[in-house]
Participant: 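Below: one structure in structure tokens.
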Amino acid sequence: MSDTTRVYSYSAVLMGSPILLKLFAHDEALASRVFRLIKQYEDLLTVNRAQSQVMDINHAAGKRAVTVSSPVYSLIKCAKAASMLPDSAFNLAIGPLVKRWRIGFRGDTVPPAEDIVRLLALTDPKQVVLNDDEQSVYLTQAGMEIDLGAIAKGYIADRVRDYLRKEGVVQGLINLGGNVQTLGTPEGGWSIGLKKPFSTSGSMIGTLEIAHKSVVTSGVYERFFEHNGQIYHHILDPRTGYPLNNELDSVTIVSENSIDGDIWTTLMYGMGVEKGCAALRARPDIEAIFVTKAKEVVLSSSHHYRFTLLDNDYRLTGSTV
Ligand code: FAD
Ligand code: MG
């Protein structure tokens, strides 16, 4: 952005995350409406309080189907489809394990192995039964829980973009704590920082110049705890019940819709760099930036953004597949 462009920033804390809205005109009232919209979705989708539409489904597990509103139903349907992809690391029924580990919340702990085995049995996404006619969701076993933590922010970021567009905004940005969605192209484009994993000073590995795109990052450094020298982070492997353990520190997805970015960061975590890049060859609309523990930055492709490396500790490589 040029120095003459005036940007107005508005912030809030919602969904346990710092929320940032950028506009090119001072409009406090619009910012309040955007934050209210996010809050309404949080109230429908949260699993961090006793009551929400998703919690209504969870409370009725093993007992009955629950009819929910259209946005909640369509998001759950999308989350189930992502969970049913072959070898998917995404699992909307991961809730019992998320609640047991409590990673990022008070009381986080390494559960006994027998608890993991018992809870894994309650995470089969096929047991999330959907009924399109009734818009209802039924969890067939008591103790099952839906958790939309890996997809809801992406969905909400898209709804904020749509709302801003409807309000006549031509340029704006919403950042829901790692899920960035943008509208329009300001002079010079949008520049989005790629965080350096585990940096306490907020350093950047590099920047992405984008226009009209979403940028979603998931990292092992976002929410984690350390126990006996080992790091336990919040992206769980649905196959083992433990945090996904591979060569990655973070994955960033550039895509049109933020919901895709949110889903694909999780899918890419499960696949790792090589399989991930191969899978993305079939999806030119989704591009990944992998940051590895070995300090490599691997771009699956870069047709829809420009990446600039800022940190010389890291090595930039393109996909070799
Ligand atoms: P992502 O990598 O996109 O997702 C990781 C999250 O997805 C995990 O935290 C877990 O919830 C879930 N998950 C883990 N493994 C898998 C898997 N294999 N498949 C699918 N999902 C998985 N945080 C608070 O501290 N307090 C709150 O009150 C709070 N309320 C929230 C309300 C809503 C509606 C949402 C969407 C989030 C809320 N959060 C809250 C944040 C939430 O707990 C997660 O930390 C956050 O959604 C993670 O997003 P991410 O983009 O950083 O990570
Ligand atoms: Mg995600």
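Residue numbers run from 1 in the order of the sequence given. Below, each value reflects all heavy atoms present in this structure, side chains not excepted, and no hydrogens, waters or symmetry copies. Not measured: the values here are computed from a predicted model. First listed ligand is number 1; within each ligand, the first listed atom is number 1.
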Participant: Only heavy atoms count here, so choose which of Arg106, Met15, Arg49 is nearest to atom 41 (C) of ligand 1.
Facilitator: Met15
Participant: What do we get for Leu236 next to ligand 1 when only non-hydrogen atoms under 4.0 Å count, side chain, backbone, both or neither?
Facilitator: both
Participant: For atom 13 (N) of ligand 1, tell me which residue out of Leu176, Ile94, Asn91, Ile235 has the closest non-hydrogen atom.
Facilitator: Ile94
Participant: Any side-chain donor paired with an acceptor under 3.5 Å for Ser301 and Glu287?
Facilitator: yes
Participant: Less than 4.0 Å is my threshold; does some heavy atom of Asp147 fall inside it relative to ligand 1?
Facilitator: yes
Participant: Tyr155 and Tyr41: aromatic ring centres closer than 6.0 Å?
Facilitator: yes
Participant: Taking only heavy atoms of Phe90, which atoms of ligand 1 are found under 4.0 Å from at least one of them?
Facilitator: 19 (N)
Participant: Keeping to distances under 2.8 Å, can you name the protein N/O/S atoms close to the Mg ion (ligand 2)?
Facilitator: Ala150 O, Asp262 O, Asp262 OD1
Participant: What residues, two or more places apart in sequence or in another chain, satisfy side-chain hydrogen bond (donor to acceptor under 3.5 Å, both in side chains) together with Asp132?
Facilitator: Tyr73, Lys77
Participant: Can you list every pair that meets ring-ring contact (aromatic ring centres under 6.0 Å, His included) and has a residue in residues 77-127, with sequence neighbours left out?
Facilitator: Trp101-Tyr232, Trp101-Tyr242
Participant: Looking at atom 8 (C) of ligand 1, what's its closest protein heavy atom, distance included?
Facilitator: His234 O, 3.4 Å
Participant: Would you say ligand 1 has an N or O under 3.5 Å from any N or O of Arg223?
Facilitator: yes
Participant: Any N or O on Ser17 sitting closer than 3.5 Å to an N or O of ligand 1?
Facilitator: no
Participant: For Ser70, does its backbone N or O pair with a side-chain atom of Ser74 as donor and acceptor, under 3.5 Å?
Facilitator: yes
Participant: Taking non-hydrogen atoms only, is Ser83 closer than 4.0 angstrom to ligand 1 via side chain, backbone, both or neither?
Facilitator: neither
Participant: Under 3.5 Å, side chain of Arg36 to main-chain N/O of Gln40, donor-acceptor pair present?
Facilitator: no
Participant: Return the residue, atom name and 0.1 Å-rounded distance of the protein heavy atom closest to atom 10 (C) of ligand 1.
Facilitator: Val98 CG2, 3.8 Å
Participant: Please classify the Asp262 to ligand 1 contact at 4.0 Å (heavy-atom distances, strictly less than): side chain, backbone, both or neither.
Facilitator: side chain
Participant: Just by modelled atom types, is the Val180 backbone N or O under 3.5 Å from a matching donor or acceptor in the Ser214 side chain?
Facilitator: yes
Participant: Taking only Lys NZ, Arg NE, NH1 and NH2, and the carboxylate oxygens of Asp or Glu, determine whether Lys166 and Asp162 approach each other closer than 4.0 Å.
Facilitator: no
Participant: Quick one: do Gln51 and Asp43 satisfy side-chain hydrogen bond (donor to acceptor under 3.5 Å, both in side chains)? Show the steps, please.
Facilitator: CA-CA 8 Å; Gln51 216 283 315; Asp43 291 345; over 6 Å; no
Participant: Hey, would you say the Trp264 and Phe290 ring centroids sit under 6.0 Å apart?
Facilitator: no
Participant: Taking both backbone and side-chain atoms of Gly149, is any N or O found less than 3.5 Å from an N or O belonging to ligand 1?
Facilitator: yes
Participant: Go through ligand 1 atom by atom and flag the ones less than 4.0 Å from a non-hydrogen atom of Ala152.
Facilitator: 36 (C)
Participant: Which of the atoms in ligand 1, numbered in the order shown and given with their element, are less than 4.0 Å from a heavy-atom of Ser218?
Facilitator: 1 (P), 2 (O), 3 (O), 53 (O)
Participant: Nearest heavy atom to atom 24 (C) of ligand 1 wins, so pick from Phe105, Tyr41, Tyr269.
Facilitator: Phe105
Participant: Does atom CZ of Arg239 have more than 12 heavy-atom neighbours from other groups under 6.0 Å away?
Facilitator: yes
Participant: Quick one: which ligand 1 atoms are inside 4.0 Å of a heavy atom on Pro238?
Facilitator: 18 (N)
Participant: Using ring-ring contact (aromatic ring centres under 6.0 Å, His included) as the criterion, list what pairs up with Phe224, not counting sequence neighbours.
Facilitator: Phe198
